[in-house]
K.L.:
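Would you mind keeping the following structure in view while I ask a few things?
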Amino acid sequence: MKRKAQSAALLLVGLLVAFLLFWDPLDDRPDTTPSDDSAPAPKNAPPPLLGSEAAAEPTKKAAEETQPPPTPSEPEPGEVNKGTVVRVTGAEGEVVTQAFVRLVRDADGQPGNGRANIISEHRATLPLSVPRLDATTWIEVIRPRDAQGKDLPLASGWGGPFDAGESAVVVVLPSGRVLAGRVIDAGGHPLANARVEAYFDADEGRRRVLHGHAVSAADGTFRIGRLRRGTYHLEVWPRGPHGAPPPVAAEAGTEDLELRTLPGFAARLIVVDGAGAPVPKARLAISTSVSRGKGFSTSFNLSEGMTDDAGLLVLDGLDPKRTYALRVDPPYQRKDLIEIDERGWKPQHQTFTLRRGVEVTGHATYPDGKPFPFASLTVSPAGMGLVSVNGSSRKDGTFVIKGVPEGNIQIRAWRREKDGMEWLATGVKAKAPSTGVRIVMQADPVGTFTVRFGAPGGPAEGAIVRLSEIKDGKAVHGSTGSVRRGVATLRRVRMKRTYVLYACSRDKGLCALVRDILPGKGAIDLVLVAAHTIRGRVDAPDGATDLTVYARGFGVTTGEQVGPGGDFVLNGLPRGTYTVGAIAKLGGRSLHKAVEAKTGDSIDITLE
């Protein structure tokens, strides 16, 4: 008993000493562990969509809307013990209880762009406890809600910059703005059940992000609330025999918009088999691609359905001036038929014939003739509108690929090893049906290629480096990297192939172009020299939008937006001759024209 009492006393003394050593009566900070409903998103996940809104990339203008009060309130006693407490309120004192919260690094007085600058993300109940800020930080709040989970009439917004070490911060959100009006058809009549989507420019205009949407009522009216200050791009997607109009730009707060749809085309589509017999229950889908930023677009099915017993399906809501992607899938029971995947399809009444599928058999081997197991195979038929068929070789190297269209085909095979080695076979020609096709796999090692640019922090720092593979006398894009500490590291480069390398500084004032590079020979040293320009002017029809120009040469591709007066300057070009093109949109169709020009030239391009 005495020994047990002594042990208990020693334990109590130890606990008391530990408490005195580590307890700080002034350290009333939040816990660093987020609650279950505030777990950060996966590292590689895209920006989250919350209901009808998506996170917009920060801009200085947006950040200025939500400056926190000069003295944020301190955490309640007993609320937390370590970290930073984040509270959110509205401009009129509204209490925000639920929201999506994103912490972002500071970049020269503005929230840093890109996912690399995101510190953490939380779908949280507020107030939120996060690890103590260890650097100047901005905080974005998206989709604010009350304690019952109902959306508040507040805009998503930014707070900051908050200094490192802050124990409690408050983000004040501005009142949400509204976009409202009505949707009408081509004849001026109110149009119901049309979906209106509001997109906001993000990432310095490189992409557009959905901030809100509404469906028009019976009288055609719509209303989208909780929007930030700024310009929105409104897209209208009607149902029935109406075409979607081009996007309309409007300032948040505009409430008298009139969005007019286009006359729609209804296409009568018939599906038959090779014998001319109708194919019921074939599925047809017409998809479209919508540009939502520089080089950023979204594809989705605009109209789809299944054929009736006569093989007929009518799909409406199409713009006869646009082109679409169309896919025809045979019914599940018809394994003998091949699907059709046609790009650049123009709306018309049309009959589609599903071709009969046959078999291609053979074996894959190493160069010495030994069986090559588990190679991935793709069979590409000769002809437009036919879908490639995939398969693989067995353990003994043999393969059987079914559902291949009759006629000339090409087979591509590859396999990637864990150590980075790749095996490849391309351009294997055959005729379907066929037996005994032999595929010889060749080693195609993949590795890392390094380009050195001299002293770190020099003029090449941050420069973009593009390595393009030379195929059939043409430069095909391969790998891209940027200069960090005087070095650009390009990954997954095929070491036995020949490349052309193009490098350009951030301001496009310096560049370099090197041909016939063999990565297998090792790293190279490169010096950037003064770049050249091509100037000009684009003459576009009234109403044309999204006007851009590009210059394309052997291994070099660059582009710029056209100025308000139609003037443009293409920078960052090595001396040489380029294809210079202008692109614009007008009434749902694309305008494009290209000419040849040398560096130093001044040219005019007229779009019609």
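All heavy atoms count here, side chains included; hydrogens, waters and symmetry mates do not. In this chain, numbering begins with 1 at the start of the sequence shown. A quick note: this is a predicted structure, and the numbers were derived from the prediction, not measured.
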K.L.:
Which heavy atom of Ile142 sits nearest a heavy atom of Arg102, and at what distance?
P.N.:
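Taking every non-hydrogen atom into account, CD1-NH1, 4.1 Å.
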K.L.:
Quick one, Arg438 with Thr365, criterion side chain to side chain donor-acceptor pair (under 3.5 Å). Give me CA distance, side-chain angles, the key distance, then yes/no.
P.N.:
CA-CA 8 Å; Arg438 186 187 177 196; Thr365 70; 3.3 Å; yes
K.L.:
Keeping Ser505 on the side-chain end and Leu510 on the backbone end, is there a donor-acceptor pair under 3.5 Å?
P.N.:
yes
K.L.:
Got a second to check how far Leu210's CG is from Tyr199's OH, nearest 0.5 Å?
P.N.:
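Leu210 CG to Tyr199 OH: 4.5 Å, rounded to 0.5 Å.
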K.L.:
Nearest 0.5 Å, please: how far is OG1 in Thr136 from CG in Asp108?
P.N.:
11.0 Å
K.L.:
Could you tell me whether Arg497 and Asp444 have a side-chain N and a carboxylate O separated by less than 4.0 Å?
P.N.:
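Result for this pair is yes, salt bridge flagged.
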K.L.:
Side chain of Thr533, backbone of Val569: donor and acceptor closer than 3.5 Å?
P.N.:
no
K.L.:
Identify the heavy atoms of Val141 and Ala99 that sit nearest to each other, and give their distance.
P.N.:
CG1-CB, 3.6 Å
K.L.:
If you draw the axis of the six-membered ring of Trp414, does the NZ or CZ of Arg412 fall within 45° of it and under 6.0 Å from the ring centre?
P.N.:
yes
K.L.:
Please determine whether salt bridge (charged side-chain N to carboxylate O under 4.0 Å, His left out) holds for the pair Lys431 and Glu406, giving the CA-CA distance in whole Å, both sets of side-chain angles, and the decisive distance to 0.1 Å.
P.N.:
CA-CA 7 Å; Lys431 194 166 186 177; Glu406 291 181 296; over 6 Å; no
K.L.:
Using every non-hydrogen atom in the two residues, find where Leu490 and Gly481 come nearest and quote the distance to one decimal.
P.N.:
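For Leu490 versus Gly481, the nearest heavy atoms are CD2-N, 3.3 Å.
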K.L.:
Would you give the length of the straight line joining atom OG of Ser380 to atom CG of Asn408, rounded to the nearest 0.5 angstrom?
P.N.:
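It is 12.5 Å, given to the nearest 0.5 Å.
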K.L.:
Could you tell me whether a side-chain N or O of Tyr232 sits under 3.5 Å from a main-chain N or O of Arg228, the two making a donor and an acceptor?
P.N.:
yes
K.L.:
Mind listing the closest non-hydrogen atom pair of Pro574 and His532 along with its distance?
P.N.:
C-CD2, 4.2 Å
K.L.:
Would you say Thr378 and Asn390 are linked by a side-chain donor-acceptor pair, where the criterion is simply a distance under 3.5 Å?
P.N.:
yes
K.L.:
For the residue pair Ala584 and Leu607, what are the closest heavy atoms and their distance?
P.N.:
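For Ala584 and Leu607, the tightest heavy-atom pair comes out as CB-CD1, 3.8 Å.
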K.L.:
Check whether any side-chain N or O of Thr137 sits under 3.5 Å from a backbone N or O of Ala135 as a donor-acceptor pair, and report yes or no.
P.N.:
yes
K.L.:
Answer yes when Arg327 and Glu342 have at least one side-chain N-carboxylate O distance shorter than 4.0 Å, and no when they do not.
P.N.:
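Answer for the salt bridge query: no.
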K.L.:
Looking at Ser299, is its backbone amide N or carbonyl O close enough to the side chain of Ser287 to form a donor-acceptor pair, meaning the two atoms are under 3.5 Å apart?
P.N.:
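No; zero donor-acceptor contacts below 3.5 Å.
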K.L.:
Kindly determine whether Trp423 and Phe372 satisfy ring pair (Phe, Tyr, Trp, His ring centres under 6.0 Å), including the steps that lead there.
P.N.:
CA-CA 10 Å; Trp423 293 84; Phe372 191 99; 5.8 Å; yes
K.L.:
So does Glu339 pair up with Arg355, basic N to acidic O under 4.0 Å?
P.N.:
no
K.L.:
Examine the side chains of Thr558 and Lys508 and answer whether a donor and an acceptor come within less than 3.5 Å of each other.
P.N.:
yes
K.L.:
One pair to check against salt bridge (charged side-chain N to carboxylate O under 4.0 Å, His left out): Asp604 and Arg537. What are the steps and the verdict?
P.N.:
CA-CA 5 Å; Asp604 292 326; Arg537 187 177 186 279; over 6 Å; no
K.L.:
Are the side chain of Arg415 and the backbone of Pro373 linked by a donor-acceptor contact shorter than 3.5 Å?
P.N.:
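Yes.
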K.L.:
Any carboxylate oxygen within less than 4.0 angstrom of a Lys/Arg side-chain nitrogen, looking at Glu422 and Arg492?
P.N.:
yes
K.L.:
Where do Thr557 and Arg466 come nearest, in terms of heavy atoms and distance?
P.N.:
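Residues Thr557 and Arg466, closest heavy atoms: O-NH1, 3.4 Å.
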K.L.:
Report yes or no: do Arg552 and Tyr578 form a side-chain donor-acceptor pair below 3.5 Å?
P.N.:
no
K.L.:
If you measure only the distance, is there a donor-acceptor pair under 3.5 Å linking the side chains of Asp396 and His363?
P.N.:
no
K.L.:
Is a side-chain donor or acceptor of Ser393 paired with a backbone partner of Phe399 at a separation under 3.5 angstrom?
P.N.:
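Judged by distance alone, no pair lies under 3.5 Å.
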K.L.:
Going by atom types alone, do Thr579 and Glu596 pair a side-chain donor with an acceptor below 3.5 Å?
P.N.:
yes
K.L.:
Under 4.0 Å between a Lys/Arg side-chain N and an Asp/Glu carboxylate O for Glu461 and Arg506?
P.N.:
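No.
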K.L.:
When you look at Asn301 and Ile286, which way does the side-chain contact (heavy atoms from CB on, under 4.5 Å) test go after all the steps?
P.N.:
CA-CA 6 Å; Asn301 285 348; Ile286 296 175; over 6 Å; no
K.L.:
Under a 4.0 Å N-O cut-off, is there an ion pair linking Glu469 with Lys474?
P.N.:
no
K.L.:
Anything under 30° is parallel, anything over 60° is perpendicular, the rest tilted; go ahead and classify His211 against Phe200.
P.N.:
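Judged by the thresholds at 30° and 60°, the geometry between His211 and Phe200 is parallel.
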K.L.:
Would you please classify the geometry between the Tyr550 ring and the His592 ring as parallel, tilted or perpendicular, with 30° and 60° separating the classes?
P.N.:
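Aromatic pair His592/Tyr550 classed parallel.
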